K.L.:
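Handing you a structure now.
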Amino acid sequence: MKTRSPFLNYIADYMLVRQYSLRTVDTYLRWIASYIHFHDKRHPASMGDNEVERYLEHLVLKQNVAPRTQATALNSLSFLYKHIIKNELSLNLNFARSKKQAKLPVVMTPEEVKILMAHLNKRYYLIAALMYGSGLRVMEAVQLRVKDIDFDYKCIQVWNGKGNKHRIVTLATELIPMLRTQILNVDDYLKLDLKNTDYAGVWMPYALTKKYPCAAKSIAWQYLFPSHILSTDPQSGEIRRHHFHHSCIRKEVKKAVQKSGLTKIITPHTLRHSFATHLLQSGADIRTVQAQLGHSDVKTTQIYTHVLQQGANCVVSPLSKIF
């Protein structure tokens, strides 16, 4: 593991204490370090708006990054100056903005989803089925806990999703037997872990460990998709059982695509895109789909209506008229 500077370690500690996710911490630190190196390792406190503008323009003009990438870099530097340097950036920064067109989402047909699922490793079948059946993001799926599955109301509670938002999504009835079996597997892991005197229980958010001291070792709070090995908590140094790593899901989906012979560029997020599009095709209104996906703005959800308007769903090819 690459050693960080004391300054970057301070930023990491600041973010972790305030409950930023590890992914957000790593992303912000990567962009802040890149910014510092771009300016010959000058301290950010000695720089400001002009240096940030030059760096953001460099990303577009020299590295040809996408709009979202440039926006992430800006968010990282805005955080740096607001919370660490205590000198906020101007709201009117003047820099060349990436003008790459946002891509339309890749969507599979229901038949393609069946083919992909048939080629998935059994260990990852259920988590992929939840992503397609409930429209979950990768991190939302791997971070599910046993208590988040509501069998009575056939729904899933998603806590602290993107934007730190909570929502309730649908649960396919067909997955209930597999989920009950999975929870039994989780219980087996827990019984094994409780025999280990070094086991500190599952990681708990905020101050819940103090409020509910026994919860970390209860079945309800265990991750639904636990790692097959114990690991050391990077914050406390305690021994815990974490959840599947998101990169494993990506690798397994990639393998399944290769085995299946599907030619579309398919990633785990394609399952979420397909969920939204198929919901709209089945007659669900766009506000319902927006709520299921957890979008703040319905405009974000409308991209799926654009997918439906392509090709045979809306336009009859003139070629068809001459045959």
Side-chain angles (χ1 to χ4, degrees), residues 21-23 26 105-149 151 154-159 161-162 169-193 202-203 219 221-232 240-279 292-293:
S21 72
L22 291 177
R23 288 188 76 195
D26 288 340
V106 174
V107 174
M108 292 182 283
T109 64
E111 185 59 31
E112 287 172 329
V113 174
K114 286 176 64 177
I115 293 172
L116 176 70
M117 298 295 289
H119 287 84
L120 271 172
N121 183 305
K122 289 183 180 180
R123 177 175 168 81
Y124 298 94
Y125 181 93
L126 179 57
I127 194 167
L130 286 173
M131 290 175 64
Y132 172 65
S134 304
L136 300 178
R137 299 178 177 91
V138 176
M139 290 306 299
E140 292 171 347
V142 298
Q143 291 175 347
L144 285 175
R145 303 194 188 229
V146 171
K147 68 176 184 60
D148 299 334
I149 308 300
F151 292 112
K154 296 183 176 62
C155 63
I156 299 173
Q157 298 173 330
V158 180
W159 300 92
K162 189 174 181 179
V169 299
T170 187
L171 169 61
T173 305
E174 294 75 10
L175 295 180
I176 289 179
M178 292 181 66
L179 282 167
R180 291 195 184 280
T181 300
Q182 179 65 18
I183 290 173
L184 290 177
N185 293 335
V186 174
D187 193 43
D188 288 340
Y189 271 125
L190 180 59
K191 288 175 181 175
L192 181 65
D193 292 338
V202 72
W203 178 84
I219 183 64
W221 279 92
Q222 303 307 304
Y223 287 116
L224 185 61
F225 299 102
S227 169
H228 66 283
I229 59 172
L230 293 171
S231 56
T232 303
R240 304 188 187 281
R241 188 175 296 279
H242 208 45
H243 52 67
F244 281 7
H245 195 276
H246 63 90
S247 64
C248 297
I249 315 301
R250 302 180 197 283
K251 290 175 184 176
E252 290 302 323
V253 168
K254 185 177 181 179
K255 288 179 185 176
V257 172
Q258 292 171 341
K259 291 177 183 177
S260 67
L262 294 172
T263 56
K264 290 180 178 176
I265 300 175
I266 296 169
T267 68
H269 208 66
T270 307
L271 294 167
R272 177 173 157 88
H273 291 324
S274 302
F275 162 84
T277 306
H278 297 167
L279 263 191
Q292 289 284 311
L293 294 176

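Note that this is a predicted model, so its numbers are computed, not measured.
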K.L.:
Taking only residues two or more places apart in sequence or in another chain, which ones pass side chain to side chain donor-acceptor pair (under 3.5 Å) with D26?
P.N.:
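Side chain to side chain donor-acceptor pair (under 3.5 Å) check on D26 returns R4.
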K.L.:
State which residues pass side chain to side chain donor-acceptor pair (under 3.5 Å) with N121; sequence neighbours excluded, sorted by chain then number.
P.N.:
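Once residues adjacent in sequence are excluded, N121 has no partner under the side chain to side chain donor-acceptor pair (under 3.5 Å) criterion.
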K.L.:
If we check side chain to side chain contact (heavy atoms under 4.5 Å, CB included) with K254, which of these qualifies: Q258, R250, K251?
P.N.:
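Exactly one pass, corresponding to Q258.
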K.L.:
Find out whether T181 and L126 are in side-chain contact, i.e. whether some heavy atom of one side chain is under 4.5 Å from a heavy atom of the other.
P.N.:
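Of all side-chain heavy-atom pairs linking L126 with T181, none is under 4.5 Å.
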K.L.:
Tell me whether the count of non-hydrogen atoms from other residues, nucleotides or ligands lying under 6.0 Å of CG in L184 goes above 12.
P.N.:
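Check passes, neighbour count above 12.
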K.L.:
Okay, side chain of T277, backbone of S274: is any donor-acceptor separation there less than 3.5 Å?
P.N.:
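It does not hold such a pair.
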K.L.:
Using side-chain contact (heavy atoms from CB on, under 4.5 Å) as the criterion, list what pairs up with S21, not counting sequence neighbours.
P.N.:
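Expected list: R23, T24.
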K.L.:
For residues 106-148, which residue pairs pass the ring pair (Phe, Tyr, Trp, His ring centres under 6.0 Å) check, not counting sequence neighbours?
P.N.:
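Counting only pairs at least two positions apart or across chains, the ring pair (Phe, Tyr, Trp, His ring centres under 6.0 Å) contacts touching residues 106-148 are Y124-F244, Y132-H278.
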K.L.:
To check you understand the geometry: which heavy-atom pair defines the closest contact between L293 and A276, and what is its length?
P.N.:
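Nearest pair, atom of L293 first, then A276: CD1-CB, 3.7 Å.
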K.L.:
Please list all pairs meeting salt bridge (Lys or Arg N to Asp or Glu O under 4.0 Å) that have one or both residues in residues 122-146, counting only residues at least two apart or in different chains.
P.N.:
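Qualifying pairs, neighbours excluded: R137-E140, E140-R167.
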K.L.:
List in chain and number order the residues that pass side-chain contact (heavy atoms from CB on, under 4.5 Å) with T173, two or more places apart in sequence or in another chain; answer none if no residue qualifies.
P.N.:
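For T173 the side-chain contact (heavy atoms from CB on, under 4.5 Å) partners, ignoring immediate neighbours, are K154, I176.
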K.L.:
Do the side chain of S134 and the main chain of V169 share a donor and acceptor less than 3.5 angstrom apart?
P.N.:
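It does not hold such a pair.
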K.L.:
Run the salt bridge (charged side-chain N to carboxylate O under 4.0 Å, His left out) test against D188 and tell me which residues pass, sequence neighbours left out.
P.N.:
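So D188 forms no salt bridge (charged side-chain N to carboxylate O under 4.0 Å, His left out) with any residue.
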K.L.:
By side-chain contact (heavy atoms from CB on, under 4.5 Å), which residues pair with E111, not counting sequence neighbours?
P.N.:
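With neighbours one apart ignored, the set is T109, K114, I115.
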K.L.:
Hey, does the side chain of Q292 reach the backbone of T170 with a donor-acceptor pair shorter than 3.5 angstrom?
P.N.:
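Side chain of Q292 to backbone of T170, a donor-acceptor pair under 3.5 Å: yes, one is there.
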K.L.:
Listed by chain and number, what are the salt bridge (charged side-chain N to carboxylate O under 4.0 Å, His left out) partners of K255, not counting sequence neighbours?
P.N.:
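With sequence neighbours excluded, K255 shows a salt bridge (charged side-chain N to carboxylate O under 4.0 Å, His left out) to E252, given in chain and number order.
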K.L.:
Using ring pair (Phe, Tyr, Trp, His ring centres under 6.0 Å) as the criterion, list what pairs up with H269, not counting sequence neighbours.
P.N.:
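Here the qualifying residues are H273.
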K.L.:
Taking salt bridge (charged side-chain N to carboxylate O under 4.0 Å, His left out) as the definition, give me every residue that meets it alongside D193, ordered by chain and number, with sequence neighbours left out.
P.N.:
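Listed in chain order: R241.
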K.L.:
Once side-chain contact (heavy atoms from CB on, under 4.5 Å) is applied, do any residues pair with S227, and if so which ones, sequence neighbours excluded?
P.N.:
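Residues passing side-chain contact (heavy atoms from CB on, under 4.5 Å) with S227: I229.
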